[in-house]
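Position 1 is the first residue of the sequence, and the numbers go up from there.
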Amino acid sequence: LAGVFAGVLGLARVGVDDDFFLCGGNSLMVTRLVARVRDAFGVEVPVRTVFQAPTVAGLAGCVREVLAGFGRVELAPVVPVADRGRLPLSFAQQRLWFLDQLQGDLAVYNVPLVVRLRGALEVPALEAALGAVVARHESLRVCFPVVDGEPFQRVAVEASVPFPVCDLTGRGERLGEVVDAEVGRPFDLAAGPVVRALLVRLADDDHVLVVTAHHSVADGWSLGVLHHELAVYYNAAVAGEAPRLGELAVQYGDFAVWQRERLTDEVLEP
């Protein structure tokens with residue numbers, strides 16, 4: 001378990017009494033820790049348990065209790081689903097969909113990535129890079145239509161993302177206003193898209209890229225992936241090279257199916 005802590009935290013070594021959060025852990029990293037514990041021990045440790053017992057020794061006691069009570073569970077891996085016409089929502093997506101229905105046109109669950117780009121910029125290459133990232137990740141191409149009161153994920157075949165350019169040359173004082181307005185526009189989850197982009201030009205060598213996604217398809221960790229892959233695709237396009245990114249083994253829709261099939265009433269009853 002100390003090795004699991006060290007791997008998630010990116011440290012060479014973690015002591016048995018070291019606190020996960022005092023060593024640099026955060027709420028996003030807790031989800032990775034829980035997943036690594038699941039892989040190592042075959043047990044489900046609730047996220048809240050990490051907050052209650054954040055040391056290696058404390059969490060080890062919790063893992064021991066779970067093993068003693070329920071034993072090790074053989075976990076089926078997430079695998080690609082053949083039929084992608086009507087994918088279920090994950091439990092997290094369903095919660096966010098419910099809140100969207102309840103609250104209406106609010107932007108409180110919009111997740112923005114705002115990046116200042118200084119220097120020469122090839123706008124067509126950046127637009128193509130964003131399209132490539134969206135094509136790579138199905139979750140950025142979904143919408144959530146409803147049939148008989150039940151939402152599902154519909155994946156669009158086309159990977160196009162609107163990429164308007166707002167020219168604020170000589171009017172840089174309006175930047176905050178424009179970015180706030182873009183980030184504050186609500187999404188229509190039923191119709192989509194659930195991700196959009198805006199490029200703000202302040203000068204020929206000064207731009208701001210705003211990519212906004214709904215929380216049902218992105219979170220804080222996802223933004224780091226999005227930022228990295230945008231850079232990889234953009235640099236490859238400018239250099240005329242193939243991007244160095246491996247193929248994705250599964251998509252988020254595959255995880256949603258795996259979660260629904262695995263976390264049944266019978267499994268959750270204990």
Side-chain angles (χ1 to χ4, degrees), residues 26-32 34-35 44-52 78 81 83-114 133-134 137-156 158-162 164 176-198 210-226 250-269:
N26 56 44
S27 59
L28 290 174
M29 296 168 77
V30 168
T31 60
R32 297 186 67 205
V34 169
E44 287 289 345
V45 175
V47 167
R48 68 176 179 274
T49 301
V50 181
F51 289 91
Q52 295 166 349
V78 181
V81 177
D83 183 6
R84 315 198 71 79
R86 186 168 170 172
L87 296 166
L89 276 63
S90 69
F91 294 133
Q93 287 178 323
Q94 189 169 26
R95 288 195 295 271
L96 288 161
W97 175 84
F98 173 80
L99 290 171
D100 181 77
Q101 304 301 300
L102 188 68
Q103 296 174 321
D105 292 337
L106 295 179
V108 293
Y109 290 106
N110 287 7
V111 182
L113 173 67
V114 183
V133 173
V134 173
H137 297 278
E138 279 186 358
S139 58
L140 299 180
R141 291 183 277 120
V142 302
C143 60
F144 302 97
V146 179
V147 174
D148 297 328
E150 288 294 324
F152 66 94
Q153 294 191 63
R154 175 184 290 154
V155 181
E158 294 295 326
S160 61
V161 177
E177 170 194 342
V178 170
V179 171
D180 287 345
E182 173 65 10
V183 172
R185 283 196 295 127
F187 287 99
D188 183 345
L189 298 187
V194 291
V195 61
R196 60 174 180 262
L198 173 69
V210 185
V211 181
T212 310
H214 190 267
H215 193 25
S216 57
V217 298
D219 57 13
W221 190 266
S222 307
L223 293 185
V225 177
L226 175 62
V250 292
Q251 296 281 345
Y252 189 77
D254 299 316
F255 166 75
V257 172
W258 174 87
Q259 187 185 58
R260 292 284 179 176
E261 290 179 346
R262 179 166 162 264
L263 297 183
T264 60
D265 289 343
E266 291 77 17
V267 171
L268 294 175
E269 182 65 24

Euclidean distance, [Y] [atom2] relative to [X] [atom1], rounded to 0.5 Å:
{"X": "Thr49", "Y": "Glu44", "atom1": "OG1", "atom2": "CD", "answer": "11.0 Å"}
{"X": "Ser90", "Y": "Tyr252", "atom1": "OG", "atom2": "OH", "answer": "2.5 Å"}
{"X": "Trp221", "Y": "Thr31", "atom1": "CH2", "atom2": "OG1", "answer": "7.5 Å"}
{"X": "Gln251", "Y": "Gln153", "atom1": "CD", "atom2": "CD", "answer": "10.5 Å"}
{"X": "Leu226", "Y": "Leu140", "atom1": "CG", "atom2": "CG", "answer": "7.0 Å"}

Partners of Arg84 by salt bridge (Lys or Arg N to Asp or Glu O under 4.0 Å), sequence neighbours excluded?
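Here the qualifying residues are Glu138, Asp254.
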
Heavy atoms of other groups near Glu158 CD, more than 12 under 6.0 Å
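No.
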
Is the number of heavy atoms from other residues, nucleotides or ligands within 6.0 Å of CZ (Phe91) greater than 12?
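Correct, the count exceeds 12.
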
Regarding Gln94 and Arg260, do their side chains bring together a donor and an acceptor under 3.5 Å, going by distance alone?
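Their side chains do contain a donor-acceptor pair, which is all the 3.5 Å distance test asks for.
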
Could you tell me if His137 and Ser139 have a donor-acceptor pair between their side chains, going purely by distance under 3.5 Å?
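Note: Ser139 and His137 side chains miss the donor-acceptor criterion.
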
Can you name the nearest heavy-atom pair linking [X] to [Y], along with the distance?
{"X": "Pro88", "Y": "Ala256", "value": "O-CB, 3.5 Å"}
{"X": "Cys143", "Y": "Gly192", "value": "CB-N, 3.8 Å"}
{"X": "Pro112", "Y": "Val183", "value": "CB-CG2, 3.7 Å"}
{"X": "Ala218", "Y": "His215", "value": "O-ND1, 2.7 Å"}
{"X": "Val217", "Y": "Ala213", "value": "CG2-CB, 4.2 Å"}
{"X": "Leu87", "Y": "Asp83", "value": "CD2-O, 3.9 Å"}

Looking at residues at least two apart in the chain, or sitting in another chain, which of them share a side-chain contact (heavy atoms from CB on, under 4.5 Å) with [X]?
{"X": "Pro186", "value": "Asp105"}
{"X": "Pro164", "value": "Pro162, Leu198"}
{"X": "Pro151", "value": "Leu89, Trp97, Val146"}
{"X": "Val30", "value": "Phe20, Phe21, Val34, Val47, Val50, Phe51"}

Heavy-atom distance under 4.5 Å between the side chains of [X] and [Y], does that happen here?
{"X": "Thr212", "Y": "Arg185", "value": "no"}
{"X": "Arg196", "Y": "Asn110", "value": "yes"}
{"X": "Asp219", "Y": "Val111", "value": "no"}
{"X": "Phe144", "Y": "Val194", "value": "yes"}

Using the test side-chain hydrogen bond (donor to acceptor under 3.5 Å, both in side chains), find all partners of Tyr109 that sit at least two apart in sequence or belong to another chain.
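If we apply the side-chain hydrogen bond (donor to acceptor under 3.5 Å, both in side chains) test to Tyr109, skipping adjacent residues, there are no hits.
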
Between Arg141 (side chain only) and Val155 (backbone N and O only), is there a donor and an acceptor less than 3.5 Å apart?
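Checked: no pair found.
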
